[in-house]
Amino acid sequence: MKLYEKLANDIERQIRGGVLRHGDRLQSVRQTSRQCALSVTTVLRAYLLLESRGLLISKPQSGYFVQLRPGSDAAEAAADAVEAITTPKPMALSATVDVSRLVLSTLRSIAAHDAVPLGSPYPDTGSFPLQKLNRYAYAAGQDPSLRALQTGLPPGHPQLIRQIAKRYLDKGQTVDPAEILITLGATEAINLCLQAVAKPGDVIAVESPTFYAMLHAIERMGMKAIEVPTHPEHGIDVDALAGIAASQAIAACMVMPNFQNPLGFVMPDERKQTLVELATRLDMPLIENGVYNELYYGAAPPRTLKSYDREGLVLHCGTFSKTLTSIYRIGWALPGRYRDQVEKLKFLNTLTTPPLPQMAIARFLTRDGYEAHLRRLRKAYAQQASLMRAIVLRFFPEGTRVSTPRGGYVLWIEMPPQVDAMRLYELALARGITIGPGHMFSVSDRYRHFIRLNYSTPWSPAIERAVITVGKLAADCMR
Ligand SMILES: Cc1ncc(COP(=O)(O)O)c(C=O)c1O
């Protein structure tokens, strides 16, 4: 058992035993760290774990408070959760997935600080055409069709659906517009697709490392994750996946074959094909996260898994969050043979997707230079990736390794094992810089010396200084 789990369990026993009561304030992280001779990071992780078990609540500026009365149902449930987490399991299979607390608190601190956003999952929106979109939204707001609620009902606004189908066609892929469902960002698309193909308790295969939205969807549904070895350039190990599937039932596999977040690779086409063939043999749905597909640095867009699929087993998810605006929250799903289930779940989940942003984006795509905007974005990201790689290789501790992203806007950095990414995260935050600790990308602890950096912000002396500072702090962590 890890030190932080032990501390969390000790505190939980005190809560359940009535020593700590509902509303009691816990000692500060620093006090507990001093008293128990544990690092600040260990104590913080213990508190976060207790928060995720529903036993603590953090109040800004005030600290951590016990939130349950001992003996309540929730406290009993929390006791069960301890069992689930501490029971030894085979390395790769998670008993439960429990990353959302850590991710949420990290994202909050990123949003709350006026910090250099190297840890942000979002693209820098400075160059995004938000004003134009807002003008289209205003104009769409005058449209009489908006008076009816049904404008937003699934599958979504017909004009937007047509534009999305047209974009696939422009990239050489024919999709049936009748398959497209508009969702609240790719996040909802991923969640609904997973819910349509698997049920609580099922085992879902994911890449390792994987983007945490995939883990969140698994966590939300009470499923289990099995992490499949993933090559930093070729993607998920299809043979390993076949081996795992031979020994246990895998309900679905979630992958990001193009510009994977955080690794940045593109799966070679023959591997994509092999993966789809395996899925077909096993009748195993593949949930394809394609959110960065438009952000390629090469001459041509990469192929999707969907383009190899003949059986409707690939559920493909996309979004405008990475290329146009993340605040309109417009994404989509192409759920293959599961289309009707996903449509029904969408309806049950949120009834509609707000029509105004759908109409604004549809109008923008019809009339304004999306392609030119994308070309500028791709060029800038490719240059910024090279610059950030070079600075990392120069200023991070010896032995640091860096990904070579082929698209998207994130860099994955492996530092020497002595560097704890959570500690580095805190040290960087204290200097007004955020980073993405590797802990967020796995249900295991294996990426504790990895970080993800976002290079979407235009290069500037401030960004360069921030990256150099993180490198120096990483070196300090080794002492
Ligand atoms: C890899 C990846 N998948 C999914 C999402 C979610 O996209 P959306 O904002 O459209 O919900 C993000 C956004 O951060 C992402 O980076």
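Since this is a predicted model, take the numbers as computed values, not measurements. What you see below is based on every heavy atom in this structure, not just the backbone, and it leaves out hydrogens, waters and symmetry mates. Whatever order the structure lists them in is the order used to number ligands and atoms, beginning at 1.
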Heavy atom of the protein closest to [atom] (residue, atom name, distance):
atom: atom 5 (C) of ligand 1; answer: F211 CE2, 3.7 Å
atom: atom 9 (O) of ligand 1; answer: R329 NH1, 2.8 Å
atom: atom 13 (C) of ligand 1; answer: K322 NZ, 2.5 Å
atom: atom 7 (O) of ligand 1; answer: A186 CB, 3.7 Å
atom: atom 6 (C) of ligand 1; answer: T187 OG1, 3.3 Å
atom: atom 3 (N) of ligand 1; answer: N289 ND2, 2.9 Å
atom: atom 10 (O) of ligand 1; answer: T319 OG1, 2.5 Å

Exercise. With F320, which of W332, F364, F128 fulfils ring pair (Phe, Tyr, Trp, His ring centres under 6.0 Å)?
Worked result: W332
Exercise. Would you say N258's side chain and R303's backbone share a donor-acceptor pair under 3.5 angstrom?
Worked result: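 At least one qualifying donor-acceptor pair exists.
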For this session: May I ask you to decide if T230's main-chain N or O and S208's side chain share a donor-acceptor pair within less than 3.5 Å?
Result: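 Side chain of S208 to backbone of T230: no pair is present.
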Under 3.5 Å side-chain donor-acceptor pair for [X] and [Y]:
X: K322; Y: Y122; value: no
X: Y292; Y: N261; value: yes
X: Y4; Y: D445; value: no

Enumerate the atoms of ligand 1 whose separation from the nearest heavy atom of [X] is less than 4.0 angstrom.
X: N261; result: 1 (C), 16 (O)
X: V291; result: 1 (C), 2 (C), 3 (N), 4 (C), 15 (C)
X: M256; result: 1 (C)
X: P121; result: 14 (O)
X: G185; result: 10 (O), 11 (O)

Exercise. Y212 versus L107: any side-chain heavy-atom pair under 4.5 Å?
Worked result: yes
Exercise. Does ligand 1 have any atom sitting under 4.0 Å from a heavy atom of M214?
Worked result: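 No, M214 has no heavy atoms under 4.0 Å from ligand 1.
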Exercise. Does E188 have a heavy atom less than 4.0 Å from any atom of ligand 1?
Worked result: no
For this session: Could you tell me whether Y292 and ligand 1 have an N or O pair separated by under 3.5 Å?
Result: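 Yes, Y292 has an N/O under 3.5 Å of an N/O on ligand 1.
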For this session: With rounding to the nearest 0.5 Å, note down the distance linking CG in L275 to CE in M267.
Result: 5.0 Å
Exercise. For ligand 1, is any non-hydrogen atom under 4.0 Å from F320's backbone (N, CA, C, O), its side chain (CB onward), both, or neither?
Worked result: neither
Exercise. Within 45° of the six-membered ring axis of F259 and under 6.0 Å from that ring's centre, is NZ or CZ of R406 located there?
Worked result: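 The answer is no, since R406 fails at least one limit relative to F259.
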Problem set entry | Close aromatic pair by centroid cut-off 6.0 Å: F441 and Y447 | no
